[in-house]
A.B. asks: 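One structure follows; several queries about it will come next.
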Amino acid sequence: MTDEIRRNMALFPIGIVMKLTDLTARQIRYYEQHELIIPARTGGNQRLYSFNDVERLLEIKDLIEKGVNIAGIKQVLLPVSKDSEEATVLNEQSEVKRRELTDTQLHRMLKQQLLGGGKRGQVSLIQGELSRFFKK
DNA sequence: TTTCTTACA
DNA sequence: TGTAAGTA
C-alpha cells in the first residue's frame with residue numbers, strides 16, 4: 001500500500017496548511033500542542049504537514065465549529081485502545097449488565113455524528129450521555 | 001519572507 | 001485566540 005506512504009508524506013509548511021484549512025498558524029500549532037496532530041519537522045525545525053495531517057485538521061476544524069472543545073475532540077479523534085474494544089465484546093457476550101451503553105459504543109456514535117452523517121433522532125439520546133465525555 | 005518559540009492581553 | 005518580539 002504505497003498510497004499510505006503518499007498520504008503520510010510530509011510536504012507543506014504551515015503557510016500552505018493555513019490556506020488549505022482556513023485555520024490560523026496559532027490554531028494549528030495549538031492543536032499540535034494538544035497532540036491532535038504531529039507534523040514532521042525539517043532540519044531547520046520547520047513543521048511539515050502531510051495530506052493526512054491536513055485532513056485531520058479539517059476534521060478538527062469541523063468539530064470546533066460544532067462547539068466541541070479540545071477534550072472532546074481528543075475523545076473523538078484519539079484512537080480507541082484495543083482493550084476497550086475487547087471490553088465491549090466481553091460486555092456484549094456476558095448477558096449481564098447489557099442495559100447501559102458502553103463507553104466505546106457511545107464513542108462510536110459520537111464520532112459518527114460529530115464527523116458528519118448522524119441520524120438526528122439519535123442526537124437527543126446522545127446529548128444526554130454527552131456529559132460523560134465533554135464534561136470539564 | 002516565512003516560520004519558530006515564548007509570553008502577554 | 002490574537003499579536004508582539006527576537007531568531008533562524
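First the proteins, then the strands, lettered A, B, ... as listed; each starts at 1. These numbers come from a predicted model, not from an experiment. When reading the values below, keep in mind they use all heavy atoms of this one structure, side chains included, and skip hydrogens, waters and symmetry mates.
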A.B. asks: In whole Å, what is the span from the CD atom of A/E32 to the C1' atom of B/dT3?
C.D. replies: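 After rounding, the reported distance stands at 12 Å.
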
A.B. asks: Pairs counted as Watson-Crick or G-U wobble with both distances under 3.5 Å: what dot-bracket string results for DNA chain C, using | for bases tied to another strand?
C.D. replies: ||||||.|

A.B. asks: Please table the atom pairs, donor to acceptor, closer than 3.5 Å between any side-chain atom in residues 6-20 of chain A and protein atoms at least two apart or in another chain.
C.D. replies:
| unit_1 | atom_1 | unit_2 | atom_2 | d |
| --- | --- | --- | --- | --- |
| A/R7 | NE | A/D3 | OD2 | 3.0 |
| A/N8 | ND2 | A/E4 | O | 3.0 |
| A/N8 | ND2 | A/E4 | OE1 | 2.5 |

A.B. asks: Hey, what do you get for CD1 (A/I64) to CD1 (A/I73), rounding to the nearest 0.5 Å?
C.D. replies: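 The CD1 atom of A/I64 sits 3.5 Å away from the CD1 atom of A/I73.
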
A.B. asks: Does A/Q27 have any side chain to side chain contact (heavy atoms under 4.5 Å, CB included) partners at least two apart in sequence or in another chain, and if so, which?
C.D. replies: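 Result, side chain to side chain contact (heavy atoms under 4.5 Å, CB included) vs A/Q27: A/L23, A/T24, A/Y31.
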
A.B. asks: Taking all atoms of both residues into account, what is the closest heavy-atom pair of A/R56 and A/L77, and its distance?
C.D. replies: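 The pair with the smallest heavy-atom distance is NH2-O, 3.5 Å.
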
A.B. asks: Salt bridge (Lys or Arg N to Asp or Glu O under 4.0 Å): which pairs involve residues 33-45 of chain A, sequence neighbours left out?
C.D. replies: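 Passing the test, one end in residues 33-45 of chain A: A/E32-A/R41.
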
A.B. asks: In whole Å, what is the span from the CD1 atom of A/I28 to the C1' atom of B/dC4?
C.D. replies: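 Rounding to the nearest Å, CD1 of A/I28 and C1' of B/dC4 are 14 Å apart.
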
A.B. asks: Output all residues satisfying side-chain hydrogen bond (donor to acceptor under 3.5 Å, both in side chains) with A/D22, sequence neighbours left out; order by chain, then residue number.
C.D. replies: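 By the side-chain hydrogen bond (donor to acceptor under 3.5 Å, both in side chains) rule, A/D22 matches no residue at all.
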
A.B. asks: What is the separation between atom CG on A/N69 and atom P on C/dT1, rounded to the nearest whole Å?
C.D. replies: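 Interatomic distance, CG of A/N69 to P of C/dT1: 11 Å.
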
A.B. asks: Under the salt bridge (Lys or Arg N to Asp or Glu O under 4.0 Å) test, which residues partner A/R26, sequence neighbours left out?
C.D. replies: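 Checked A/R26 against salt bridge (Lys or Arg N to Asp or Glu O under 4.0 Å); zero matches.
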
A.B. asks: Which of the following nucleotides, B/dT5, B/dT3, C/dT1, is nearest to the side chain of A/I64?
C.D. replies: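 Selected nucleotide: C/dT1.
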
A.B. asks: Could you work out, with side-chain hydrogen bond (donor to acceptor under 3.5 Å, both in side chains) as the rule, every residue matching A/T21, not counting sequence neighbours?
C.D. replies: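 In terms of side-chain hydrogen bond (donor to acceptor under 3.5 Å, both in side chains), with neighbours along the sequence ignored, A/T21 is linked to no residue.
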
A.B. asks: Counting N and O atoms only, with roles assigned by atom type, does the side chain of A/D53 sit under 3.5 Å from a partner on the main chain of A/S50, one being a donor and the other an acceptor?
C.D. replies: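 Indeed, once roles are kept as given, a pair shorter than 3.5 Å links the two residues.
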
A.B. asks: Using the rule that Ile, Leu, Val, Met, Phe, Trp and Tyr join whenever any side-chain heavy atoms are under 4.5 Å apart, tell me whether A/L48 and A/L57 fall into a single cluster.
C.D. replies: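 No, A/L48 does not connect to A/L57 through the hydrophobic network.
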
A.B. asks: Any chance you could list the contact pattern along nucleotides 3-8 of chain C? Use B for base contacts, S for sugar-phosphate-only contacts and - for none, protein heavy atoms under 4.0 Å, 5' to 3'.
C.D. replies: B-----

A.B. asks: Near DNA chain B, which residues from residues 14-23 of chain A have a heavy atom under 4.0 Å away?
C.D. replies: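 Going residue by residue through residues 14-23 of chain A, the ones with a heavy atom under 4.0 Å of DNA chain B turn out to be A/I14, A/G15.
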
A.B. asks: Using a strict heavy-atom distance below 4.0 Å, which residues from residues 34-41 of chain A are in contact with DNA chain B?
C.D. replies: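 Nucleic-acid contacts, sorted: A/R41.
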
A.B. asks: Please report, rounded to the nearest Å, how far the C1' atom of B/dC4 is from the CZ atom of A/R29.
C.D. replies: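 Spelled out: CZ on A/R29 to C1' on B/dC4 is 6 Å.
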
A.B. asks: Between A/R47 and B/dT3, is there a contact of a side-chain N or O with OP1 or OP2 at under 4.0 Å?
C.D. replies: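 Result: no.
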
A.B. asks: Choosing from B/dT5, C/dT1, C/dG2, which nucleotide comes nearest the side chain of A/Y30?
C.D. replies: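 Looking only at side-chain atoms, A/Y30 lies closest to C/dT1.
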
A.B. asks: Tell me, please, which residues at least two apart from A/R29 pass salt bridge (Lys or Arg N to Asp or Glu O under 4.0 Å).
C.D. replies: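 A/R29 satisfies salt bridge (Lys or Arg N to Asp or Glu O under 4.0 Å) with no other residue.
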
A.B. asks: Calculate, to the nearest 0.5 Å, the distance between atoms CD1 and CD1 belonging to A/I28 and A/I60 respectively.
C.D. replies: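 Rounded to the nearest 0.5 Å, the CD1-CD1 separation comes to 9.5 Å.
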
